[in-house]
Structure formats: structure tokens, C-alpha cells
Engineer: 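Once you've had a glance at the structure underneath, I'll fire off some questions.
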Amino acid sequence: MKTKGFILILLFIASQYTTAQNIDIGGYVRNYTGVMFEQGDFSILQNTLNLDFTTSGDKVALKANPMLYHYNADSLSLTMRELYLDLYFDNFDIRIGKQQVVWGKADGAFITDVVSPLNLTEFLLPDFDEIRRGVNAVKFDYYLGNSTFEAIWIPNFTPTETPGAGSIWYVQPEFPVMPTFDWSKSSVNPSLENSELFIKYAALTSVIDFEFMGGYTWDDFPTMHVAKQVDMSTGAPVLTGLDITPQHHRLYLGGGSFSTQIKAFVLRGEAAYYNGKYFQTEDPFAVDALVEKDYLHYLVGLDFNLGNVKISSQFIQETIMDYEEGMLKAENENTMTFLARYDMLRETLHLELFSYIGLTNEDALIRPKITYDFDDSFSILLGANIFVGEEDGRFGQYGDNSMGYMKLKYSF
Amino acid sequence: MRKLQITTAIIAIILVSGISSDVISQDLSGKQIIEKVYNRETGDDQTSDLTMTLINRSGSQRVRKIKQFTKDMGDVEKSIMFFLAPADVKNTSFMSWAYDTDKSDDQWIYLPALKKTKRISSDSKSDYFMGSDFTYDDLGDRKLEDDTHKFLREETMDGVDCYVVESIPVDEDYMYSKTLVWVNKSNFIGVKKEYYDEDEDLLKILSIKDSEEISGIWVITKSEMKNVQKNHRTTIGLSNVQINTGLTESKFSERMMIRGL
């Protein structure tokens with residue numbers, strides 16, 4: 001509440017500067033209808049109103065981006081995606097308020113891009129401008145030539161949002177016995193001590209673009225502390241209960257990214273090293289069925305043109321350092337992404353194929369789509385999300401959720 | 001997002017031309033004429049509003065509006081442009097650093113929906129810009145040595161005395177087999193250009209519709225590219241042109257791409 005009050009005061013101050021300036025209003029209205037192939041059920045019936053209010057001057061700017069979602073059962077959901085104030089100075093800028101921060105050079109993967117948590121209630125299917133959650137933060141940027149030093153302070157931790165029970169994207173964990181959940185430690189108390197801090201140094205040069213980053217943050221996903229209840233009355237241990245306590249833990253991470261052009265190719269890379277991340281294990285001697293390990297997440301990607309087709313491909317690896325037998329997550333998990341895009345009819349018809357390919361679990365999410373621009377404001381998109389492969393894979397587990405969908409969009 | 005790749009420098013090549021009229025010679029070769037067209041004075045910096053109108057064979061129109069800034073820094077020319085319309089590309093920005101050497105241009109695009117600045121390849125200049133009839137190369141900084149230039153004749157075009165020069169690409173796989181350009185003898189502005197396809201059939205005609213002298217430099221303020229084979233065309237209009245206003249180097253940075261106008 002203190003943060004909200006602080007933002008309101010800032011908005012009031014900003015209004016004193018901006019009352020004489022015009023407010024620029026843009027956005028879109030969108031209908032999004034999806035049907036699952038197997039059951040024929042609607043996977044989504046959604047209408048969206050996205051409004052983007054901006055007003056800016058030489059010294060200050062203000063942005064508000066409310067989004068209103070209307071679902072099939074007349075339910076309305078209002079989200080303030082962003083609401084912030086920009087203050088401009090000669091060599092530095094300050095942004096205060098709810099904001100989305102995007103770091104790194106990866107496309108469709110989140111490696112050093114960890115400042116804004118994700119909304120995974122519809123898995124990875126929303127557009128990437130909708131999949132991030134805004135965070136209340138103070139962002140400071142200092143500029144020196146073509147380089148930027150950035151520091152971000154987030155006073156209250158916002159976790160990644162996951163699908164709730166009842167969602168087609170919720171995956172029911174399997175337990176050998178009925179567990180009992182203790183949610184008392186599942187949230188992080190907002191306090192100065194519990195705030196998050198990120199720093200980044202970035203530069204655009206004539207040879208290469210690069211970023212170095214570091215973060216003192218919380219794991220966006222809660223760690224599941226598991227206490228086992230064992231009955232020894234028969235002589236042999238028998239598992240009789242599980243007490244599960246979800247709890248977020250602190251993480252330190254450092255990393256960087258780069259992008260450079262080599263002849264007709266754009267080569268990209270990105271890596272993040274996490275210090276002390278918790279992983280679940282089946283080791284019976286592990287406290288709370290957890291082990292703490294360092295973790296490396298990296299990517300290399302290549303963008304190029306094949307005739308008039310734009311191609312982009314990335315290789316992504318997640319590696320657990322000092323791996324131990326019994327850990328539930330694989331030591332190495334490899335994924336590829338592939339994007340092909342072709343524009344035709346004077347760029348009114350767009351064909352696109354994007355895929356995540358799970359190399360470790362031999363599964364994939366294949367996303368073909370066709371977009372036709374009736375005019376500069378109105379477009380129709382026909383697409384499909386096809387999940388294939390092993391049922392225990394990240395994508396294959398949603399094999400029943402393969403769907404076709406249509407999006408009608410009016411931009412203004 | 002390659003469709004948004006454009007350099008203000010290019011638009012300047014076609015649309016901004018100026019040279020003093022006292023250098024006219026009757027004995028210029030084709031290469032010398034084109035060299036004078038290419039090496040004209042354009043000022044140290046330039047700001048303008050660009051309106052690109054795509055007109056199809058039925059006459060319906062689509063309009064793109066851009067605010068563009070260019071600065072010549074000696075061995076590098078930096079450009080930045082901000083897309084104002086249509087709505088779905090509004091606040092997108094594009095920055096280009098074009099070098100005098102053989103080094104490829106550096107190009108970046110800022111996508112406001114993704115909140116990301118991406119380095120993009122400056123290759124594939126045969127692509128059409130934003131669905132228009134202009135390719136990136138039509139709009140771009142084509143080098144003198146990329147073609148073999150031949151003076152054909154002198155000709156009067158709409159009352160203007162012109163040199164007519166034929167340019168044949170050195171690269172045999174280039175998208176055009178040849179171009180013919182009509183150059184105003186008095187100021188070395190190209191007033192008309194014909195583009196021939198790989199079968200040596202006429203493909204497109206670029207016509208200069210209007211020009212103004214601003215701060216002592218001739219600026220073409222209205223032009224049209226017509227595809228005669230598909231019968232659609234694109235007009236480009238420049239307005240609010242300002243030259244040598246003292247744009248600072250900091251204008252051409254990622255900070256400004258993100259901040260916008």
C-alpha cells in the first residue's frame with residue numbers, strides 16, 4: 001500500500017508538469033478464440049481492450065497501460081500492466097512505478113531477462129509483450145556515450161504466476177501419498193530487507209552489442225520443502241504422509257549477452273549463472289528432499305535470411321553444476337527454437353512458423369500462424385499450437401491441449 | 001521486422017540532391033555524372049517528416065508516417081527514425097550507422113511491444129520496404145563502383161535539360177539488369193529513373209514530382225515509384241525539412257530509440 005501511495009503522489013506531481021500537454025492514446029481491441037483439437041472444447045474465449053496513455057515532455061513523461069480482459073463467462077479482469085513516471089536529466093533518467101523490464105538478446109527464452117516475473121497461466125502461449133508481469137520498481141539509467149549503466153531496485157517481490165487447479169495448463173503433481181501443504185511461508189514479506197536489486201552495464205558499438213548483469217533476487221518459483229512421515233512399526237519404513245512447505249529462496253546471479261553481425265548473419269548469445277538454487281531430489285538423506293546447486297542457463301542464436309524468408313534459430317541449455325544422482329531435474333536440458341517468417345502481398349499477408357523443440361525429452365511446441373492485414377488497423381490471425389512428444393516433457397505434457405485459434409485485432 | 005529496415009540516408013539519396021550549377025560540363029562521362037549525383041552536398045544534419053503512401057491497382061491507400069533525423073559525422077552517417085503510423089508500428093524506432101568504408105551498416109530496431117532493441121542484419125537490400133515499391137537498395141546508399149555507368153544522350157524531360165545515363169550492375173545476380181536515370185543538367189538531381197528486371201523488361205519508374213531549395217540545398221519533397229508490371233505505386237513526401245540545425249551525437253543512441261519523440 002505504501003508503494004501504491006508513493007506512485008499516486010508521483011502521478012500527482014507529474015500531472016502538474018503535464019496538464020498543458022496532450023495525452024497520446026493508443027492501443028487495440030482483440031478477440032481471441034481457441035478450440036482444442038481433441039475435445040472440440042473452447043480453450044479460450046477472450047476479448048481484450050488494451051489502452052496505452054502516454055504524455056511526455058522534455059523533463060518528464062507518464063505512461064499508463066491498463067488492459068481489460070473479458071472472458072466467456074462475463075468475467076472481467078483489469079490489469080494495470082504498467083504505470084510509471086519518467087524523469088529525464090542530462091546524463092541519466094529515472095523511472096518510478098509499475099514497469100516491465102526486458103533484458104538480454106534471447107527471443108522466447110528468459111535467461112538474463114529475470115527482472116520482470118512471468119505470467120504462465122496460459123503456459124508460454126501469450127504474446128511476449130503479455131507474458132511478463134509488471135513490477136513496482138525504481139530504475140536508474142546513467143548514460144556515457146553509447147553505453148548505459150542501469151540499476152533497478154524492487155521493493156516488493158512479485159513471483160511468477162502459475163496456472164491454478166482447474167486450468168487446462170495446470171499439471172497435477174504426482175505424490176505417493178496424499179500430501180499436506182503448509183502455505184505459511186509461500187509469500188515474501190515486503191520489507192527493505194526482502195527487496196531485490198539488479199544492475200546492468202550495456203553498450204551498443206559498431207562491432208558488437210553486449211550486456212553484463214547481476215542480480216540479488218528471489219527464485220520466482222517457490223521451492224517445495226518436503227518432510228516425509230514414515231511409519232516404522234512394521235520394521236520396514238512405510239511412507240505415510242508428506243508435509244510440503246512452498247518457500248521462495250534468495251538467489252544471486254550474474255550473466256551477460258551479446259549480439260553481432262558477421263557478414264549476412266546476426267549471432268547472438270546469452271548466459272546466466274545462478275549461485276545456490278534449490279532442486280528436488282529423491283535422495284532419502286537430503287534435508288527436505290532438496291539439494292542446493294549452482295545452475296547455468298545459456299543460449300546461442302543465429303538470425304539470417306534465406307531468400308525472402310527470415311530465419312532465426314537458437315540452442316538453449318540448462319545445466320546443473322556438481323550434479324548428483326536422484327535429482328528430479330535432468331543434469332542437462334537442451335532446447336532449440338526455430339522461427340521462419342515470410343511476408344507477401346506487399347506485406348499484408350504474413351506466414352510464420354515458430355517452434356520450441358525439446359531435445360532432451362523429445363517433445364515440441366509447434367506454432368504456425370497466418371496473419372492478414374485487411375488494412376493498417378485491422379488484422380486477422382489464424383494459428384495453431386501443437387504439442388507433440390513425450391508426455392513427461394515440458395511441451396509433450398500438454399499433448400491434449402493442442403488447439404487452433406483465431407485473433408481479430410483492431411489497432412488504434 | 002525486417003520490413004521496418006530503412007535508412008534515412010537512403011531516402012536522402014533519392015530525395016535529397018543538390019549541387020551548385022556552375023560545375024556543368026558538356027564532356028562528362030556517365031560515371032562522372034553519377035558521381036556528381038552521389039557526392040552532392042546534403043548538409044551536416046537533417047530533420048524531416050516522411051509520409052509514404054502505398055496505392056494499389058484499385059486505388060486504395062495505406063499510409064506510413066515517419067519522423068527522421070540524420071547526421072553526417074565524417075566517416076559515419078548516423079540516422080534514426082521514429083514510426084508514427086500505422087498504429088501497430090507506432091513508437092517503433094530504427095537506427096542506422098552507415099560507414100564510408102566497406103564495413104556493413106550497423107542497424108538496430110526498437111520494438112516497443114517487446115521493449116527490446118535488436119541488432120538486425122543490413123544484408124538483403126533487395127527486400128521491399130514496408131510493403132512499398134521501394135527496395136532498401138532503391139532507398140539506400142548504393143556505391144558508385146557497384147555499377148558500370150554509360151552516358152547515353154542528352155534529352156529534354158518536361159522542359160528540363162537532362163543527361164541520360166545507363167547503369168549496369170557489376171553483380172550479374174542483382175535484382176535489376178540495368179537502370180536508366182535522367183539527371184537535371186543544372187543541379188544534378190535525378191528527375192526520373194527506370195528499373196529493368198532480370199529479363200530486361202521495364203519494371204518500375206521513379207519520378208520526381210516536386211523539389212524545394214532549403215538552406216541552400218535542393219531537397220526533393222515529393223516522388224513516386226510505380227511498378228508498371230503490377231500497376232501499383234508508392235509516393236513519398238517530405239515535409240518540415242530542417243537542415244543544419246546542430247543535432248547532437250547523443251540523438252543517435254539507444255537511449256533515444258527507447259525514449260522516442
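Quick note on labels: first sequence line is chain A, next is B, and so on, each numbered from 1.
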Engineer: Can you tell whether the side chains of B:Arg119 and A:Asp303 come within less than 4.0 Å, N to carboxylate O?
Structural biologist: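 No salt bridge links B:Arg119 with A:Asp303.
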Engineer: Find the one option among A:Gly104, A:Ala264, A:Ala202 whose heavy-atom pairs under 4.5 Å with chain B are most numerous.
Structural biologist: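 Highest number of pairs under 4.5 Å: A:Ala264.
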Engineer: Rounded to the nearest 0.5 Å, what separates atom OH in B:Tyr128 from atom CE in A:Met344?
Structural biologist: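 If we round to the nearest 0.5 Å, B:Tyr128:OH and A:Met344:CE are 14.5 Å apart.
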Engineer: Give the minimum heavy-atom separation between B:Ser121 and A:Val266, together with the two atoms involved.
Structural biologist: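 In terms of heavy atoms, the two residues are closest at N-CG2, 3.5 Å.
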Engineer: Among A:Arg268, A:Lys409, A:Glu82, which has the most heavy-atom pairs under 4.5 Å with chain B?
Structural biologist: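 With the most close heavy-atom pairs to chain B, the winner is A:Glu82.
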Engineer: Under 4.5 Å from any heavy atom of chain B, what part of A:Val101 do you find: side chain, backbone, both or neither?
Structural biologist: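 Neither part.
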Engineer: Tell me whether the count of non-hydrogen atoms from other residues, nucleotides or ligands lying under 6.0 Å of NZ in B:Lys226 goes above 12.
Structural biologist: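 Open.
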Engineer: Given B:Arg255, which of A:Asp93, A:Asn146, A:Thr148 fulfils the side-chain hydrogen bond (donor to acceptor under 3.5 Å, both in side chains) condition?
Structural biologist: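 For B:Arg255, the side-chain hydrogen bond (donor to acceptor under 3.5 Å, both in side chains) test succeeds with only one of A:Asp93, A:Asn146, A:Thr148, which is A:Asp93.
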Engineer: For B:Pro86 and A:Asp376, which heavy atoms make the closest approach, and how far apart are they?
Structural biologist: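 It is CB-CB, 3.5 Å.
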Engineer: Taking A:Lys105's backbone N and O only, do any of them form a donor-acceptor pair with B:Lys118's side chain (distance below 3.5 Å, no angle check)?
Structural biologist: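 No, the answer is negative, given that no donor and acceptor are paired below the 3.5 Å cut-off.
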Engineer: Report which part of A:Ser377 has an atom under 4.5 Å of a heavy atom belonging to chain B: side chain, backbone, both, or neither.
Structural biologist: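 For A:Ser377, no heavy atom lies under 4.5 Å from chain B.
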Engineer: Does any heavy atom of chain B fall under 4.5 Å from the side chain of A:Tyr143, the backbone, both, or neither of them?
Structural biologist: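 A:Tyr143 touches chain B through side-chain heavy atoms alone.
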Engineer: Side chain, backbone, both or neither: which part of A:Glu130 has an atom under 4.5 Å from a heavy atom of chain B?
Structural biologist: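 Neither the backbone nor the side chain of A:Glu130 comes within 4.5 Å of chain B.
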Engineer: What parts of residues 109-118 of chain A touch chain B if we use heavy atoms and a cut-off under 4.5 Å?
Structural biologist: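 Listed by number, there are no contacting residues, so the answer is none.
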Engineer: When you look at B:Ser104 and A:Lys263, which way does the side-chain contact (heavy atoms from CB on, under 4.5 Å) test go after all the steps?
Structural biologist: CA-CA 8 Å; B:Ser104 298; A:Lys263 296 189 180 297; over 6 Å; no
Engineer: For B:Leu261 versus A:Ser56, what's the shortest heavy-atom pair and its separation?
Structural biologist: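 Between these two residues, the closest heavy atoms are O-OG, 4.0 Å.
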Engineer: So which residue, B:Ala113, B:Ser253, B:Ala85, B:Pro112, ends up with the most heavy-atom pairs under 4.5 Å with chain A?
Structural biologist: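 Max contact count across the listed options: B:Ala113.
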Engineer: In the structure I gave you, are the side-chain heavy atoms of B:Met95 and A:Leu204 within less than 4.5 Å of one another anywhere?
Structural biologist: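 Sidechains of A:Leu204 and B:Met95: in contact.
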Engineer: Any idea which heavy atoms bring B:Trp108 and A:Asp209 closest together, and the distance?
Structural biologist: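 In terms of heavy atoms, the two residues are closest at NE1-OD2, 2.7 Å.
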Engineer: Looking at every heavy atom in both A:Gln261 and B:Asp105, which two are closest together, and how far apart are they?
Structural biologist: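 Closest approach of A:Gln261 to B:Asp105: OE1-O, 3.7 Å.
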Engineer: Looking at B:Arg64, B:Glu249, B:His232, which makes the most heavy-atom pairs under 4.5 Å with chain A?
Structural biologist: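 Between B:Arg64, B:Glu249, B:His232, the count favours B:His232.
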Engineer: Check B:Lys116 against A:Val102 and note the closest heavy-atom contact, atom names and distance.
Structural biologist: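 B:Lys116 and A:Val102 have their closest heavy atoms at CE-CG1, 3.9 Å.
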Engineer: Give, as side chain, backbone, both or neither, the part of A:Leu267 having an atom under 4.5 angstrom from any heavy atom of chain B.
Structural biologist: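 Neither the backbone nor the side chain of A:Leu267 comes within 4.5 Å of chain B.
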Engineer: For A:Asp86, is it the side chain, the backbone, both, or neither that has a heavy atom closer than 4.5 Å to a heavy atom of chain B?
Structural biologist: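 Neither part.
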Engineer: When A:Arg346 is tested against each of B:Arg62, B:Met130, B:Lys230 for side-chain contact (heavy atoms from CB on, under 4.5 Å), which residue passes?
Structural biologist: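 Answer after filtering B:Arg62, B:Met130, B:Lys230: B:Arg62.
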Engineer: So for atom NZ, which belongs to B:Lys65, do other residues, nucleotides or ligands contribute more than 12 heavy atoms lying within a distance under 6.0 Å?
Structural biologist: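 Result for NZ/B:Lys65: open.
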Engineer: Using a strict threshold of under 4.0 Å (side-chain N to carboxylate O), is an ion pair present between B:Lys115 and A:Asp129?
Structural biologist: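 No.
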Engineer: As an exercise, state the distance from CD1 of B:Ile258 to CG of A:Asp141, rounded to the nearest 0.5 Å.
Structural biologist: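 The distance works out to 8.0 Å.
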Engineer: Pick one of side chain, backbone, both or neither for A:Asn50, based on which atoms fall under 4.5 Å of a heavy atom in chain B.
Structural biologist: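 A:Asn50 has no heavy atom closer than 4.5 Å to chain B.
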Engineer: Roughly how far, to the nearest 0.5 Å, is the CG atom of B:Leu114 from the CZ atom of A:Arg132?
Structural biologist: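 Answer for the CZ-CG pair, A:Arg132 versus B:Leu114, is 7.5 Å.
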Engineer: With a 4.5 angstrom heavy-atom cut-off, which part of B:Ser132 approaches chain A: side chain, backbone, both or neither?
Structural biologist: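 Backbone only.
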Engineer: Sort A:Ser379 into side chain, backbone, both or neither according to what part of it lies under 4.5 angstrom from a heavy atom of chain B.
Structural biologist: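 Contact with chain B involves no heavy atom of A:Ser379 at all.
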Engineer: Between B:Lys90 and A:Asp24, is a side-chain contact (heavy atoms from CB on, under 4.5 Å) present by the stated rule, with each step listed?
Structural biologist: CA-CA 11 Å; B:Lys90 188 177 180 182; A:Asp24 187 15; 2.8 Å; yes
Engineer: With a 6.0 Å cut-off (strictly less than), is the heavy-atom count around CD1 of A:Ile370, excluding the residue itself, greater than 12?
Structural biologist: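 No, CD1 of A:Ile370 has 12 or fewer neighbouring heavy atoms, counting only those of other groups under 6.0 Å.
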Engineer: Of the backbone (N, CA, C, O) and the side chain (C-beta and beyond), which part of B:Asn91 lies under 4.5 Å from a heavy atom of chain A, both, or neither?
Structural biologist: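 Contact with chain A: none, neither part.
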Engineer: Between A:Gln99 and chain B, which part of the residue has a heavy atom less than 4.5 Å away: side chain, backbone, both or neither?
Structural biologist: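 Contact with chain B: none, neither part.
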Engineer: Is the NZ or CZ atom of B:Arg259 positioned over A:Tyr88's six-membered ring, under 6.0 angstrom from the centre and within 45° of the axis?
Structural biologist: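 Yes, a cation-pi geometry holds between B:Arg259 and A:Tyr88.
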Engineer: Given heavy-atom pairs under 4.5 angstrom as the criterion, report whether the side chain, backbone, both or neither of A:Asn91 touches chain B.
Structural biologist: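 Backbone only.
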